[in-house]
Amino acid sequence: MSADTVLSKLKEINGKYSMFHAMTEDTSADGASFLFSAKDNLTSMDMETCSGSKILIGYRPAFDATSIAKMRAAGGKLIGKTNMDEFGFGTFSTNSGLEVPRNPYDLERACGGSSGGSACAAAVIEDHVSLGVSTGGSICCPASFCGVYGIAPTYGRVSRYGLIDYGNSLDKIGVLSAKATDLKKYMKIIAGKDEKDPTSCVQPEFRTDYRMMKSVAIPKEGTEGLSKDVEAAFKDSVENLVRMGIDVDYVDMPSLKYAMPAYYVLATSEASTNLARYVGMRYGQQEGDLSLKFDDYFTSFRSQYFGDEAKRRILLGTFTRMVGFRDRYYAKALQVRKVVIDDYKRILADHDAVLAPTMPFTAPRFDDISKMSALDSYKADYLTVPANIAGTPHMSVPCGYDSNGMPVGMQFVADHWNEDVLFSMAEDWEKEFDMKAPEVGA
Ligand code: GLN
């Protein structure tokens, strides 16, 4: 499909899958070397940016996020802002205040989250790359549920300028695509130190002669609690890796089971402070009864426009930071974070990557998600959060299909700044893996 055809069919495609909250009106790709989309928590000058929240409806940023600006400068045309969980709070993109994206392999199932719309766009639109954001797994989870490649880089690799913060010490901007070679191609474009984001680093360049992945370590704890189909697809994939000449070891990673609770303490602590700025005065919606006292105005506004999950996280995160509780929760979670990093360093001293399935199950049906408690959904993240609290680069590759034809993904985690071994793995894997694209017809 040519770029012009994609643009002319965009509304029709979106009508079926709901991957975009905002779209370009332009139907000509003249002058663009490639088309891309971006998660709706990255600010863009020409399109509304809502971060999946009703509270930001009407917000038109006055500047582009650095990652979007860099994609445009490289010749990219931004075609849409992708649907997501409100402020990134979720695992299925169903916690959105706006539209919920539908899985390209089965419209009754979720795309994963919170970069669900980005994974959907990467799976459905030919030759398409989408920028996603991961705080605790929001690139790898939807990549796995939608059968595409997704990479979240080392924390600090990509500027967070223009990213609507979820958890400042955790947020990372990365790339999703159906093509393995796109990961390196577009990561090179968006990476780099940026004066506007003090947490972006002077960093090692991606190498052109990167070393190949030779060994992986599978934590025993990472193969527990899997659905039968994920277990079977993962087993076949590991056999495939062995055939490709990769050494596979099974190791202990005791910190893995503590990472999920620690993540939810850290992420909600940071999120609860970040959400304090949305009070109906500066961004997005500003209607309200101005005759109220200021704190009554803020309360009524926030009660009306924040979704349930955002409210839950404000409560949780405020509690974990409170005097009397912060040592027990926040400080403790920081200690766990250090233990997780130490565990990765120990394992990665002898291996190129740590490997496990990306998610313990394949994309669930919407009716099953509605029966899940918040805790059920948090628990589903136990394989994606460890790398995120460690700030280590990680990548999900499609590795099989379940009995309903839904994609399964596996996740490789490399040491800090070692994205190159992930790129090499993705490109080698793509040659081995029999990818079954979804049937797309608008
Ligand atoms: N599911 C995790 C959460 O809800 C991760 C989301 C993310 O990475 N934005 O926090």
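In each ligand, atom 1 is the first atom listed, and ligand 1 is the first ligand listed. Owing to the predicted nature of the structure, the values given are computational and were not obtained by experimental measurement. Keep in mind that the numbers below use all heavy atoms, side chains included, and drop hydrogens, waters and symmetry copies.
- Using modelled atom types and a 3.5 Å distance limit, the side chains of Ser272 and Arg313 yield no donor-acceptor pair.
- When the heavy atoms of Phe87, Tyr264, Tyr166 are ranked by distance to atom 10 (O) of ligand 1, first place goes to Tyr166.
- Side chain of Ser200 to main chain of Asp194: a donor-acceptor pair is present (N/O by atom type, distance under 3.5 Å, no hydrogens or angles).
- Remark: aromatic rings of Tyr161 and Phe63 are close, center separation under 6.0 Å.
- The N/O atoms of Ser114, backbone and side chain alike, include one that comes under 3.5 Å of an N/O atom in ligand 1.
- Looking only at protein heavy atoms, the nearest one to atom 5 (C) of ligand 1 is Tyr263 OH, 3.3 Å.
- Separation of the Tyr378 and Tyr264 ring centroids falls under the 6.0 Å cut-off.
- In this structure, Gly90 counts as a contact residue of ligand 1, since one of its heavy atoms falls inside 4.0 Å of the ligand.
- Distances shorter than 4.0 angstrom do not occur between any heavy atom of Tyr378 and any atom of ligand 1.
- Taking only nitrogen or oxygen atoms, main chain and side chain alike, Val133 does not reach within less than 3.5 Å of ligand 1.
- Applying the 4.0 Å criterion to heavy atoms of Gly137 picks out, from ligand 1, the atoms 8 (O).
- Not a single N or O atom of Lys39, backbone or side chain, sits closer than 3.5 Å to an N or O atom of ligand 1.
- The backbone and the side chain of Thr135 each have at least one atom closer than 4.0 Å to an atom of ligand 1 (non-hydrogen atoms only).
- Contacts between Arg313 and ligand 1, counted as non-hydrogen atom pairs separated by less than 4.0 Å, involve the side chain only.
- Ring centroid separation for the pair Phe34 and Tyr186 comes in under the 6.0 Å cut-off.
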Next on the checklist: Could you walk me through whether Arg157 and Glu419 satisfy the salt bridge (Lys or Arg N to Asp or Glu O under 4.0 Å) test, starting with their C-alpha distance in whole Å, then the side-chain angles of each, then the deciding distance to 0.1 Å, before giving a yes or no?
Outcome noted: CA-CA 10 Å; Arg157 178 69 94 177; Glu419 285 85 351; 2.7 Å; yes
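- The closest protein non-hydrogen atom to atom 6 (C) of ligand 1 is Ser138 OG, 2.8 Å.
- Taking the six-membered ring for Trp and the full ring otherwise, the centers of Phe423 and Tyr149 sit at least 6.0 Å from each other.
- Under 4.0 Å from ligand 1, the heavy atoms of Phe89 that appear belong solely to its backbone.
- Atom 2 (C) of ligand 1 has Asp381 OD2, 3.2 Å as its closest protein atom, hydrogens excluded (heavy atom only).
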Checklist entry - Going through the distances and angles, do Arg346 and Asp343 end up as a salt bridge (Lys or Arg N to Asp or Glu O under 4.0 Å)? => result CA-CA 5 Å; Arg346 174 179 57 78; Asp343 249 1; 2.9 Å; yes
Checklist entry - Would Tyr329 and Phe319 satisfy ring pair (Phe, Tyr, Trp, His ring centres under 6.0 Å), going step by step from the backbone distance to the final call? => result CA-CA 9 Å; Tyr329 297 106; Phe319 175 71; 5.6 Å; yes
